[in-house]
Amino acid sequence: MSILLAASILSADFSRLGEQIQALEQGGVDWLHIDVMDGHFVPNLSFGPFLLPVVKKHTSLPLDVHLMMENPDGLIPAFIAAGADILTVHVETCPHLYRTLQTIRASGCQAGAALNPATPLESLREVVHLLDVVLILGNNPGFSGQGWFPEMAAKIKRAARFLTEHGSSAILQVDGGMTCQTLPEAYQAGARAFVSGSAIFNSSGGIAHGIQSLRAAVQTAA
Ligand code: DX5
Ligand code: ZN
């Protein structure tokens, strides 16, 4: 059962960021997830492009950048220049989503589209061929450590079917509220990539233990 696990560094201890990034890599995460928040689209502020080269100093893992911001188009070139490998925008903030995804792909980056819990899959229909990643939010974005909305399992199932029906090989990723209990549910619904913040960083046994526990939970449930 192979899953793709991305650790959200929003939950890291920033006084020991380098050390924690190395622990994530040694613990076996696949991607590092960088949550960019603007204080408008989501009620929290986090980082800008400056953080990517800082993270890259400590790891060769791909950087999975999740842009939770209004008007992302203006900053996309800066995130690409800063070293993003996967750049995911929210459909709710992209009136010209087709162009935005084209711009990301033309740069050599992988392109993702994220859907808030209330946003229907239908909004991806005309751009599905431009997607490398479809990101389903498990809760209202903005903060780590929230639970997930159980209704999202049905949405993930529909998303998996939607991608198959459209002949898409986009990765189906879930972000928000992933724990040893909820991640297997999302897996069984059809997701194959998962973002985790608090379940990894707040694990009582440490970062590597948090990663192993999430992977083991999927094995047990599958
Ligand atoms: C905020 C972010 C998530 C968050 C996940 O909504 O998009 O990536 O950091 O954190 P957990 O895994 O704690 O829900
Ligand atoms: Zn995220």
Side-chain angles (χ1 to χ4, degrees), residues 1-37 42 44-68 79-80 82-88 109-110 112 114 132-139 141-148 171-184 186-187 191-222:
M1 230 63 48
S2 114
I3 63 165
L4 206 154
L5 200 54
S8 167
I9 63 165
L10 189 65
S11 296
D13 174 351
F14 275 74
S15 68
R16 310 187 281 134
L17 184 61
E19 195 186 302
Q20 294 217 316
I21 289 170
Q22 281 154 14
L24 291 168
E25 185 160 350
Q26 280 158 17
V29 294
D30 301 290
W31 293 350
L32 294 184
H33 184 84
I34 302 197
D35 284 310
V36 176
M37 303 178 177
V42 292
N44 197 3
L45 270 174
S46 61
F47 345 101
F50 78 92
L51 188 67
L52 280 64
V54 175
V55 170
K56 274 200 184 277
K57 269 193 196 162
H58 301 283
T59 183
S60 54
L61 289 174
L63 301 189
D64 173 32
V65 180
H66 178 192
L67 296 182
M68 287 166 276
F79 279 104
I80 289 166
D85 295 284
I86 302 106
L87 207 43
T88 295
C109 238
Q110 292 191 57
D132 299 296
V133 173
V134 171
L135 176 57
I136 305 289
L137 272 289
N139 54 33
F143 301 92
S144 292
Q146 312 177 71
W148 94 311
I171 297 168
L172 185 53
Q173 185 182 40
V174 182
D175 182 9
M178 290 293 97
T179 64
C180 291
Q181 286 71 47
T182 59
L183 193 150
Y187 178 88
R192 291 295 176 266
F194 306 87
V195 178
S196 169
S198 47
I200 291 178
F201 285 96
N202 299 347
S203 164
S204 54
I207 284 176
H209 180 259
I211 295 166
Q212 283 153 18
S213 304
L214 290 171
R215 291 199 189 278
V218 179
Q219 300 292 340
T220 313

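Residue numbers run from 1 in the order of the sequence given.
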Rounded to the nearest 0.5 Å, what separation is found between the CG atom of N202 and the OG atom of S11?
6.0 Å

Over all heavy atoms of both residues, which pair between G147 and N139 is shortest? Give the atoms and the distance, please.
O-ND2, 2.8 Å

Closest heavy-atom contact between C109 and A84?
SG-O, 3.1 Å

If I take atom CG from residue L10 and atom OG from residue S144, how far apart are they, to the nearest 0.5 angstrom?
4.0 Å

As an exercise, state the distance from NE2 of H33 to CZ of F194, rounded to the nearest 0.5 Å.
13.5 Å

Going by heavy atoms in the side chains, are D175 and D35 under 4.5 Å from each other?
yes

For the pair T182 (side chain) and T179 (backbone), establish whether a donor and an acceptor sit closer than 3.5 Å, ignoring hydrogens and angles.
yes

Which heavy atom of I200 sits nearest a heavy atom of A7, and at what distance?
CD1-CB, 3.9 Å

Scanning both residues in full, the closest heavy-atom pair of S196 with A199 reads OG-CB, 3.5 Å

Between G142 and M68, the two heavy atoms sitting closest are N-SD, 4.5 Å

Among I86, L135, L137, exactly one meets side chain to side chain contact (heavy atoms under 4.5 Å, CB included) together with Q173. Which residue is that?
L135

Rounded to the nearest 0.5 Å, the CG atom of L214 sits from the CE atom of M178 at a distance of 9.5 Å

Drop me the distance from L63's CG to F79's CZ, to the nearest 0.5 angstrom.
11.0 Å

Treating D85 as the side-chain partner and D64 as the backbone partner, does any N or O pair qualify as donor plus acceptor under 3.5 Å?
no

Check: F201 and L24 side chains under 4.5 Å, non-hydrogen atoms
yes

If you look at every heavy atom in H209 and S203, which pair is closest and at what distance?
ND1-OG, 3.2 Å

Using a strict threshold of under 4.0 Å (side-chain N to carboxylate O), is an ion pair present between R192 and D30?
no

Rounded distance (nearest 0.5 Å) linking atom CD1 of I9 with atom CD of Q20:
10.0 Å

Do the side chains of L51 and L17 get nearer than 4.5 Å, heavy atoms only?
yes

In a check of side chain to side chain contact (heavy atoms under 4.5 Å, CB included) between L52 and each of V36, V65, I80, which one passes?
V65

